[in-house]
There are 2 protein chains.
Amino acid sequence: MSAQRGRRIAGGDTRAEILVAARAMFGESGYTATTLRGVAHRAGVDPALILHHFGSKEVLFRNATHVSFDPAAIAAIIGSRDGGSPGERLCRYFLGLWEDGVTREPLLAMLRSALTHEAAAESLREFLSEALVGRVAMVLDTADAALRATLVGSQLIGLAMARYVLRIEPLASADPATVAAWIAPTLERYLTA
Amino acid sequence: MSAQRGRRIAGGDTRAEILVAARAMFGESGYTATTLRGVAHRAGVDPALILHHFGSKEVLFRNATHVSFDPAAIAAIIGSRDGGSPGERLCRYFLGLWEDGVTREPLLAMLRSALTHEAAAESLREFLSEALVGRVAMVLDTADAALRATLVGSQLIGLAMARYVLRIEPLASADPATVAAWIAPTLERYLTA
DNA sequence: GATGGAATTCACCACACGGTGAATTATAGA
DNA sequence: TCTATAATTCACCGTGTGGTGAATTCCATC
């Protein structure tokens with residue numbers, strides 16, 4: 001029952017389990033409130049092991065929240081011609097990211113930490129500015145493209161906050177399709193006013 | 001120069017100074033990352049004094065973030081007939097709250113802490129649900145009024161996050177009037193689709 | 001002008017934090 | 001099979017945290 005000293009018998013990918021636990025806890029509590037001890041406990045592991053694998057809490061966080069989003073995908077989605085207007089496509093893509101349990105957790109962690117932890121904020125800012133704004137601006141090709149893209153970002157952040165973080169009803173439990181139907185026109189207007 | 005023991009000579013309202021410092025720090029760092037010692041240092045006061053005045057960090061937070069918003073004001077603003085559509089009026093009111101240094105700080109503190117601190121989240125949820133959604137729903141009088149109001153809330157939260165917390169450019173530095181001109185129609189559409 | 005109470009600081013406490021260094025055990029390669 | 005190495009735990013360390021209790025100083029009331 002009690003933990004044994006030394007290397008475990010092969011089989012489990014402990015490092016990966018630590019990342020899973022870390023993602024969950026960063027997503028629930030944000031960077032500061034998440035403790036190495038808490039993550040370790042959740043992963044069924046000694047706290048020191050986390051530092052052995054990742055050197056510091058900061059690095060752990062980066063590894064846990066490194067959501068492998070594809071910046072090019074966004075441009076493709078907006079630029080493509082399948083399924084409705086660009087606004088609708090972008091909206092569905094965004095909602096899809098949050099509805100999928102796999103991608104939701106790193107996003108939650110990112111967003112929850114962004115308000116407290118400067119590095120996370122920088123990361124999110126970069127993501128929005130570069131990936132979203134940059135790509136959108138390229139596709140749009142108007143003078144105020146940057147502002148337009150930021151407005152799109154603001155609505156998307158607000159949606160994520162209200163629906164997935166604060167869980168305000170009835171938005172939180174509403175059907176994704178319903179939400180998309182309401183939000184998409186807003187995005188569309190921001191993109192092509 | 002060094003601090004003296006015992007009661008200070010009359011003149012300053014130390015309790016109020018503590019609240020000012022607390023508001024600033026909660027607004028900059030959120031609940032968890034803000035320490036009593038930090039607040040005390042900023043207020044030029046011994047940490048124990050804070051606990052003497054407010055009993056606990058939790059109570060300090062509640063006192064510091066108790067933004068005296070007037071729920072009735074929102075209903076009045078939406079319901080009134082001065083200056084543009086309801087969406088425009090609401091948007092200007094909201095932006096006004098954030099552009100004013102006095103009201104901005106408690107709001108920042110609230111928002112920054114809402115993602116990490118459950119009590120703060122509850123507080124913000126309550127504010128949005130009751131004050132905003134409730135009042136808007138009454139004025140609107142449609143079946144999906146609650147959903148509409150929440151969508152309005154999501155755009156407003158997103159705006160605050162992008163512009164005042166994450167400070168994403170060019171939204172952060174844009175002229176308030178410009179921002180209002182872009183956002184207001186969105187709110188208007190959510191209210192009266 | 002004495003006196004009770006409020007305001008303020010000081011010296012601590014128990015605890016949790018992130019992080020370090022050595023000891024122990026299993027795995028992988030020779 | 002022997003050995004180097006990677007994985008894991010343990011015992012700590014220094015620091016910072018929210019919070020407590022007593023001592024000190026001023027203010028206000030009589």
Side-chain angles (χ1 to χ4, degrees), chain A residues 1-23 25-26 28-65 109 113 116-120, chain B residues 1-23 25-26 28-65 109 113 116-120:
Chain A
M1 186 61 215
S2 65
Q4 294 194 39
R5 221 182 158 111
R7 185 168 188 152
R8 294 182 182 176
I9 56 176
D13 187 348
T14 313
R15 195 188 139 105
E17 286 166 19
I18 290 175
L19 278 178
V20 169
R23 246 186 303 268
M25 300 209 67
F26 282 130
E28 289 166 12
S29 321
Y31 183 85
T32 316
T34 295
T35 71
L36 293 182
R37 285 167 162 81
V39 174
H41 180 75
R42 184 159 187 154
V45 144
D46 190 276
L49 183 59
I50 300 182
L51 293 164
H52 171 253
H53 279 307
F54 308 90
S56 78
K57 184 183 181 182
E58 185 62 41
V59 175
L60 205 225
F61 178 77
R62 274 203 291 272
N63 278 271
T65 57
S113 307
T116 297
H117 189 52
E118 188 46 44
Chain B
M1 185 60 217
S2 65
Q4 293 193 44
R5 221 182 160 112
R7 185 169 190 154
R8 295 183 181 176
I9 56 175
D13 187 349
T14 315
R15 196 189 140 104
E17 285 166 19
I18 291 175
L19 278 178
V20 169
R23 245 186 304 268
M25 300 207 69
F26 281 129
E28 289 166 13
S29 320
Y31 183 85
T32 315
T34 295
T35 71
L36 292 182
R37 285 167 162 81
V39 174
H41 180 75
R42 185 156 184 156
V45 142
D46 189 276
L49 184 58
I50 300 182
L51 293 164
H52 171 253
H53 278 307
F54 311 85
S56 78
K57 185 183 181 183
E58 185 62 41
V59 175
L60 204 225
F61 179 76
R62 274 203 292 270
N63 278 271
T65 57
S113 307
T116 296
H117 189 51
E118 189 45 44

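In what follows, chains carry the letters A, B, and so on, assigned in the order in which the sequence lines appear, proteins first and then strands, with residues in each chain numbered from 1.
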Quiz item: Rounded to whole angstroms, how far apart are CG on A:Asp46 and C1' on C:dT20?
Solution: 13 Å

Exercise. Sorted by first residue and then second, give each ring-ring contact (aromatic ring centres under 6.0 Å, His included) pair with at least one member in residues 35-59 of chain A; sequence neighbours left out.
Key: none

Quiz prompt | Non-hydrogen atoms of A:Thr65 and A:Ala109 that approach each other most closely | solution = CG2-CB, 3.6 Å

Practice problem: Tell me which residues in residues 30-43 of chain A put a heavy atom below 4.0 Å from DNA chain C, sorted by number, or none. | Solution: A:Thr34, A:Thr35, A:Leu36, A:Arg37

Quiz item: Looking at B:Thr14, does any N or O in its side chain come under 4.0 Å of the phosphate oxygens OP1/OP2 on C:dT8?
Solution: yes

Self-check item: Letter per nucleotide, 5' to 3', of nucleotides 22-30 of chain D [B base touched, S only sugar-phosphate touched, - untouched; heavy atoms, 4.0 Å]
Solution: -BBBBS---

Quiz item: Roughly how far, to the nearest 0.5 Å, is the CZ atom of A:Phe26 from the OG atom of A:Ser113?
Solution: 6.5 Å

Practice problem: Name the closest nucleotide to the B:Val45 side chain, picking from D:dG18, C:dT9, C:dG19. | Solution: C:dT9

Self-check item: Interatomic distance, A:Arg15 CZ vs D:dT8 P [rounded to whole Å]
Solution: 11 Å

Practice problem: Describe the nucleic acid contact of A:His53 in one word from base, sugar-phosphate, nothing, applying a heavy-atom distance below 4.0 Å. | Solution: sugar-phosphate

Self-check item: Selection residues 55-64 of chain A - residue pairs positive for side chain to side chain donor-acceptor pair (under 3.5 Å), sequence neighbours left out
Solution: A:Tyr31-A:Glu58, A:Glu58-A:His117

Self-check item: Rounded distance in Å - CD1 (A:Ile50) to C1' (C:dC17)
Solution: 13 Å

Quiz prompt | Nearest heavy atoms of A:Thr116 and A:Thr32, plus distance in Å | solution = CG2-OG1, 2.9 Å

Quiz item: If you round to the nearest 0.5 Å, how far is CZ of A:Arg23 from OG1 of A:Thr34?
Solution: 13.0 Å

Quiz item: Could you state the CD-C1' distance from B:Glu17 to C:dT8, rounded to the nearest angstrom?
Solution: 13 Å

Quiz prompt | Whole-Å distance separating the CZ atom of B:Phe54 from the P atom of C:dA7 | solution = 11 Å

Side-chain donor-acceptor distances from residues 6-15 of chain B under 3.5 Å, at least two apart:
| from | atom 1 | to | atom 2 | distance (Å) |
| --- | --- | --- | --- | --- |
| B:Arg8 | NH2 | B:Gly44 | O | 2.7 |
| B:Asp13 | OD1 | B:Arg15 | N | 3.4 |
| B:Asp13 | OD1 | B:Ala16 | N | 3.4 |

Quiz prompt | Pairwise side-chain contact, B:Leu36 with B:Leu60, heavy-atom cut-off 4.5 Å (strictly under) | solution = yes

Quiz item: Rounded to the nearest Å, what distance is computed from the CD1 atom of residue A:Ile18 to the C1' atom of nucleotide D:dA7?
Solution: 10 Å

Quiz item: A:Asp13 CG to C:dT27 P: how many Å, rounded?
Solution: 15 Å

Practice problem: Starting at atom CG of B:Leu49, determine the distance to atom C1' of C:dA11, rounded to an integer number of angstrom. | Solution: 16 Å

Self-check item: Residues that A:Arg42 engages under salt bridge (charged side-chain N to carboxylate O under 4.0 Å, His left out), provided they are two or more places apart
Solution: A:Glu28

